[in-house]
2 protein chains.
Amino acid sequence: MSKHDKHDKREEIVRAALELIAEHGFHGAPMAMIAERANVGAGTIYRYFENKDVLIAELYQNLEAKMYPVILEGYSADKPTRERFIHLGTALLRYFIENPLDFRFLEQFHNSPFGAEHRRDKILGVKDGCDVFRELFEEGIARQILKEFPLSILFSLSFGPLAAVARDHILGFVVLNEVLIVWTVEACWDGIKR
Amino acid sequence: MSKHDKHDKREEIVRAALELIAEHGFHGAPMAMIAERANVGAGTIYRYFENKDVLIAELYQNLEAKMYPVILEGYSADKPTRERFIHLGTALLRYFIENPLDFRFLEQFHNSPFGAEHRRDKILGVKDGCDVFRELFEEGIARQILKEFPLSILFSLSFGPLAAVARDHILGFVVLNEVLIVWTVEACWDGIKR
DNA sequence: ACCATAGGAATGAACGTTCATTCAGTAATA
DNA sequence: TATTACTGAATGAACGTTCATTCCTATGGT
């Protein structure tokens, strides 16, 4: 067998961990259960990840790296502010709906000791994906297109509803279709525009 | 000692549990630690609560019962839709900011096995506090004041941002004052109004 | 072509820790 | 004294992690 199969095992572990954590939360996904679902011995996980925390952190970074390009696909900084916002918002919401496991994992992650630390990092040096939104908001405020709120409130007014709607869809309280997705993001825009 | 002191112990347990769970989450608040902070033997908790789950569930119901009248104080079904929405929204946000422990506990609760079950209950027979919002939204749609969205999306567009803003305030990412609170809720209104 | 063997990969039973819960004993109350 | 309230050490279950052992395969000598 070749080097490729090593990766197979590693990826099996990552997949199993994502599934179980998304479905049952961090504390409902013991290492033994992850190992079982990955068809791997319990000890094998520790050949690839130092411990559970490292596994989870890597899972999170995997996700961010995976989402970023999907959401930015077709994004152009030249288009009007509103159009760019709708693009990002709908792309994000679509991603969440099409990848419910990813969404559920992210939610678990943000409501955990990890999440708090991670937020602190983002305060100091904002990382990766948020920059796009930050730029968009700052430009929108400067051009007087957006309400003059602290950035963090604009974030909340935009992502708060998107996350809530995605959660409701995944839990089956609404059925979102393409039209509803766009309308929802447009409603968010109405909330932040002047 | 009189009957009153029994209540004192019970309330000490409830207070300690709320503090620790709000601060460290369900799994960072072992029964032994709750007992210690309540100045009570570990076994004493079980004189008042069958087990940890029951303690948590009762904590949650305490909170709901405590919040409901505070938020409805001064609420009048006669006033215009917008005014009523602003009243409820600002009251809720103010409550969260003034009672950060309550807010953090509610967040922990909603991101847990309990939360999911509880949501299912609310689907069938909507309980207590949500009725006010439900009425408000249904009336707003009927009068063509609000966008014609599924109720659950209107909920998300309203509470999503409020929860996110409250979280940011409590974690120190924004400092909300009375003006910002009102502006934020008005922005939510802009999101749901036609 | 065959076997021997070295060494990394994989395993899962075993370990130490932590937690919710119990219960035998103690203190307070009447 | 009898009853009730309280205590915290003891218990067992569950967890993350370790490590002695097994398995697999690539290599080199015959």
Side-chain angles (χ1 to χ4, degrees), chain A residues 1-60 105 108-109 111-115 117, chain B residues 1-62 105 108-109 111-115 117:
Chain A
M1 290 200 180
S2 66
K3 222 184 284 178
H4 182 254
D5 291 288
K6 283 194 194 175
H7 279 259
D8 274 2
K9 277 216 187 278
R10 191 178 211 281
E11 279 167 27
E12 279 297 290
I13 293 168
V14 167
R15 188 189 50 75
L18 184 79
E19 281 179 25
L20 285 170
I21 290 173
E23 201 169 341
H24 302 115
F26 289 98
H27 296 279
M31 294 298 257
M33 204 184 285
I34 293 173
E36 193 186 12
R37 181 166 308 200
N39 290 313
V40 145
T44 305
I45 298 178
Y46 292 86
R47 294 200 56 74
Y48 296 98
F49 305 95
E50 196 186 328
N51 55 45
K52 198 179 185 182
D53 288 4
V54 167
L55 168 60
I56 288 168
E58 190 155 329
L59 225 48
Y60 177 78
F105 174 85
Q108 300 283 352
F109 186 85
N111 285 91
S112 75
F114 305 104
E117 283 178 38
Chain B
M1 290 200 182
S2 66
K3 222 184 286 179
H4 182 253
D5 293 289
K6 283 194 194 175
H7 279 259
D8 274 2
K9 276 213 190 284
R10 190 178 213 281
E11 280 167 27
E12 279 296 291
I13 292 168
V14 166
R15 187 190 51 76
L18 184 79
E19 281 179 23
L20 285 170
I21 291 173
E23 201 169 341
H24 300 115
F26 289 97
H27 297 279
M31 294 298 260
M33 204 184 285
I34 293 172
E36 192 186 14
R37 181 166 308 200
N39 290 313
V40 145
T44 306
I45 297 178
Y46 292 86
R47 293 199 54 76
Y48 295 99
F49 304 95
E50 195 186 330
N51 55 45
K52 197 179 186 183
D53 289 4
V54 168
L55 168 60
I56 287 169
E58 190 155 330
L59 225 47
Y60 178 79
Q61 284 170 6
N62 268 12
F105 175 84
Q108 301 283 351
F109 186 84
N111 285 91
S112 76
F114 305 104
E117 283 178 38

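By convention in this document, chain letters (A, B, ...) are assigned in the order of the sequence lines, proteins followed by strands, and residues within each chain are numbered from 1.
- Ion pair A:E12/A:K9 not flagged as a salt bridge, since none of the NZ, NE, NH1 or NH2 atoms sits closer than 4.0 Å to an Asp/Glu carboxylate oxygen.
- Here B:N62 contributes atom CG and B:L55 contributes atom CG; the two are 9.5 Å apart, rounded to the nearest 0.5 Å.
- Atom-to-atom distance recorded for A:I45:CD1 and A:I34:CD1 is 5.5 Å, nearest 0.5 angstrom.
- B:I56 and B:F105 get closest at one heavy-atom pair: O-CZ, 3.9 Å.
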Scan nucleotides 18-22 of chain C against the protein and return all N/O pairs shorter than 3.5 Å with their distances rounded to 0.1 Å.
unit_1	atom_1	unit_2	atom_2	d
C:dA20	OP1	B:K52	NZ	2.4
C:dA20	OP2	B:M31	N	2.5
C:dT21	OP2	B:Y46	OH	2.9
C:dT21	OP2	B:K52	N	2.9
C:dT21	O5'	B:Y46	OH	3.4

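- Distance CG (B:D8) to P (D:dC6): 11 Å, rounded to an integer number of Å.
- Between the CZ atom of B:R10 and the P atom of D:dA5 there is a distance of 13 Å, given to the nearest Å.
- To the nearest angstrom, P of C:dT11 lies 10 Å from CZ of A:R47.
- Straight-line distance from the CD atom of A:E36 to the P atom of D:dC15: 12 Å, rounded to whole Å.
- At whole-Å resolution of the value, CD1 in A:I45 and C1' in D:dT17 are 11 Å apart.
- As rounded to whole Å, 14 Å separates atom C1' of D:dT4 from atom NZ of B:K9.
- The rotation axes computed at either terminus of the helix from C:dA1-D:dT30 to C:dA30-D:dT1 lie 10° apart, taking five pairs at each end and rounding to 10 degrees.
- Sorted by first then second residue, the side-chain hydrogen bond (donor to acceptor under 3.5 Å, both in side chains) pairs that include residues 20-31 of chain B, not counting sequence neighbours, number zero.
- In this structure B:F26 satisfies the ring pair (Phe, Tyr, Trp, His ring centres under 6.0 Å) test together with B:F114, sequence neighbours excluded.
- Listed by first then second residue, pairs satisfying salt bridge (charged side-chain N to carboxylate O under 4.0 Å, His left out) with a partner in residues 40-62 of chain B read B:R10-B:E58, not counting sequence neighbours.
- For the pair A:I13 CD1 and D:dG16 P, the computed distance is 14 Å after rounding to whole Å.
- Distance check, rounded to the nearest 0.5 Å: CZ of A:F49 to OG1 of A:T44 gives 11.5 Å.
- One can place CZ of A:F49 at 15 Å from C1' of C:dA10, the figure rounded to the nearest angstrom.
- Applying the side-chain hydrogen bond (donor to acceptor under 3.5 Å, both in side chains) test to pairs two or more places apart or on separate chains, those with a residue in residues 31-40 of chain A are A:E19-A:R37.
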